[in-house]
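A short worksheet on the structure shown next.
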Amino acid sequence: MTERSEVTNGRGTERAEVMNHHSAGTIVRPYGDTTGDGMVQVSFTLPIPHDRRAEGAALQLAAKMGLEPAMVVHAKAIGAGDGTSFTFFIVYGRVGHLVDLSQVEVIEREYPLLTPKEVNLAIRRGLRRRLVVVGACIGTDAHTVGIDAILSIKGFAGEKGLEYYRELKVINLGAQVAVPDLVARARAEHADAILVSQVVTQRDAHIRGTQELAAALREAYDAKGEFPLLVVGGPRFHESMAAGLGVDRVFGRGTTPGEVASYLVHALVTATAPQDRTQDRTQQHRTQDRTQQRERTA
């Protein structure tokens, strides 16, 4: 009886805390048809041909994911070309999970967004020369849409790319650039910054490629010298991954040329002294080494 009383009291306390969070506007639940109904829509593919059994398997998976009740609202057979059959599903159902906004961690932008005119003026006054940027898609990645959106004068989202900025010298090496070739070109151009876009993410190719580039830069540049700023971006990167990858900055999907240009000014012109940035990079390399060592021993 005492145990039940304690459990009941515990639930009552938890319920009261949830109510307090609700009143403070920090607790939210998914919205589907009506406010707070908890309805969500998810999509996935199963490696089985499309039939009634396949739809039953999709509902079983949805139930194990916590969707209850769930319904299959779309199912389509997909042929792989080698005789293998797959089925793509969209499932709609209710989840009981809540989101506590007070526990969400967001990496805020620590620098102001500048106009192209402000970027050019800052570089001209701060460096007294053009800032050199070398960009590429490395490894087997042939998708240049990301790097071109940032570097090409055509730009992205209504903003012109870095080629438009008079005080930036931009070298776009394009797709499928080998890491040694990128490092060699960066050294030859005396690059201030290296920008890499990674779209191919199968089997964590974007992570391995970035770590390989960071290691190659470490070998190519004297540890006591100044490293070029290393910036990577792509749809599967998150800003919090920078230290583990050994890079200075990570940009995710939706990044605009103006954000990148403003960051280059912040990191290379106005905010951080070169020696401080080199020390930061050395610490990142040590963190990356420890991470890779743990992966090898796991």
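These numbers come from the heavy atoms of this one structure, side chains and all, not from hydrogens, waters or symmetry mates. These figures come from a predicted structure and were not determined experimentally. Numbers for residues simply follow the sequence, beginning at 1.
Between P257 and G155, the shortest heavy-atom contact is CG-CA, 4.3 Å. In terms of heavy-atom proximity, A193 sits nearest to P228 at N-CB, 4.3 Å. Residues A58 and L46 share a closest heavy-atom pair of N-CD1, 3.9 Å. In this structure, A62 and V91 approach most closely via the heavy-atom pair CB-CG1, 3.8 Å. Residues A54 and P49 share a closest heavy-atom pair of CB-O, 3.3 Å. Closest approach of G209 and I138 over heavy atoms only: O-CD1, 3.4 Å.
Two residues are said to be in side-chain contact when any heavy atoms from C-beta on lie closer than 4.5 Å; L121 and R125 meet this criterion. Between L195 and V134, every side-chain heavy-atom pair lies at or beyond the 4.5 Å cut-off. Considering only heavy atoms from C-beta on, V265 comes within 4.5 Å of L114 through its side chain. A 4.5 Å side-chain heavy-atom check between L59 and L61 finds every atom pair outside the cut-off. You'll find the side chain of I150 stays beyond 4.5 Å of the side chain of S197, heavy atoms only. Side-chain contact between V231 and V196 is absent, with no heavy atoms from C-beta onward closer than 4.5 Å. In this structure, the side chains of M241 and I207 come closer than 4.5 Å at one or more pairs of heavy atoms. By the 4.5 Å heavy-atom criterion applied to side chains, P69 and R94 are counted as neighbours.
Under the 4.5 Å side-chain heavy-atom criterion for grouping Ile, Leu, Val, Met, Phe, Trp and Tyr, V73 is connected to F88 within one hydrophobic cluster. The hydrophobic clustering, which links ILVMFWY residues whose side-chain heavy atoms are closer than 4.5 Å, places L67 and M39 apart. A continuous path of Ile, Leu, Val, Met, Phe, Trp and Tyr side chains, each step under 4.5 Å between heavy atoms, connects I78 with I90, placing both in one hydrophobic cluster. By the criterion of side-chain heavy atoms lying less than 4.5 angstrom apart, applied directly or through intervening Ile, Leu, Val, Met, Phe, Trp or Tyr residues, Y165 is grouped together with Y111 in one hydrophobic cluster. Under a hydrophobic clustering in which Ile, Leu, Val, Met, Phe, Trp and Tyr are joined whenever their side-chain heavy atoms come within less than 4.5 Å, directly or via other members, I171 and L213 fall into the same cluster.
With hydrogens and angles disregarded, no donor-acceptor distance shorter than 3.5 Å links the side chain of S262 to the backbone of L113. Within the 3.5 Å criterion, the main-chain N or O of R208 finds no donor-acceptor partner in the side chain of Q211. At least one donor-acceptor pair closer than 3.5 Å links the side chain of T87 to the backbone N or O of I48. Between the E259 side chain and the T256 main chain, a donor and an acceptor come within less than 3.5 Å of each other. Judged purely by atom type and a 3.5 angstrom limit, H238 uses its side chain to pair as donor or acceptor with the backbone of S240. Of the possible polar contacts, none joining the Y92 side chain to the V42 backbone as a donor-acceptor pair under 3.5 Å is found. Formation of a donor-acceptor pair under 3.5 Å by the D37 side chain with backbone atoms of T34 is found in this model. Checked by atom type and distance alone, the side chain of D192 never pairs as donor or acceptor with a backbone atom of L131 at under 3.5 Å. In this structure, N120 contributes its side chain and P116 its backbone to a donor-acceptor pair below 3.5 Å. Although no hydrogens or angles enter the test, the distance criterion places no donor-acceptor pair under 3.5 Å between the side chain of T144 and the main chain of I147.
Taken from CG in L173 to CG in L151, the straight-line distance is 9.5 Å, to the nearest 0.5 Å. Between the CD atom of E108 and the CD atom of E239 there is a distance of 10.0 Å, given to the nearest 0.5 Å. Here CD of Q176 is found 9.0 Å from SG of C137. Values are rounded to the nearest 0.5 Å. Taking CG from L162 and CD1 from I153, the interatomic distance works out to 11.0 Å, rounded to the nearest 0.5 Å. Considering CD of Q103 and CD1 of I27, their distance stands at 8.5 Å, rounded to 0.5 Å. In this structure, L230 CG and I194 CD1 are separated by 6.0 Å, a value rounded to the nearest 0.5 Å.
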Step-by-step salt bridge (charged side-chain N to carboxylate O under 4.0 Å, His left out) determination, E167 to R124: CA-CA 7 Å; E167 299 301 325; R124 188 160 59 245; 3.2 Å; yes

Residue pair K169, E189: steps toward the salt bridge (charged side-chain N to carboxylate O under 4.0 Å, His left out) verdict: CA-CA 10 Å; K169 178 184 178 182; E189 297 287 348; 3.0 Å; yes

Side chain to side chain contact (heavy atoms under 4.5 Å, CB included) between L245 and F237: does it pass, once the steps are laid out? CA-CA 10 Å; L245 293 173; F237 284 114; 3.7 Å; yes

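Taking a 6.0 Å sphere around CZ of R109, one finds it holds more than 12 heavy atoms contributed by other residues, nucleotides or ligands. Other residues, nucleotides and ligands contribute only 12 or fewer heavy atoms inside 6.0 Å of the CZ atom of R166. Atom CD of Q41 sits in a crowded spot, with more than 12 heavy atoms from other residues, nucleotides or ligands closer than 6.0 Å.
Between F44 and F89, the angle of the ring planes lies from 30° to 60°, which puts this pair in the tilted group. Aromatic ring pairs are classed by plane angle as parallel below 30°, tilted from 30° to 60° and perpendicular above 60°; the pair Y263 and F251 is perpendicular.
The pair E110-R249 counts as a salt bridge, with a side-chain nitrogen and a carboxylate oxygen less than 4.0 angstrom apart.
E55 and H50 are linked by a side-chain donor-acceptor pair at a separation below 3.5 angstrom, with hydrogens and angles left out of the test.
Cation-pi geometry between R187 and Y221 is met: the NZ or CZ atom falls under 6.0 Å from the ring centre, inside 45° of the normal.
The residue from V179, V183, L182 that alone fulfils the side-chain contact (heavy atoms from CB on, under 4.5 Å) condition with L217 is V183.
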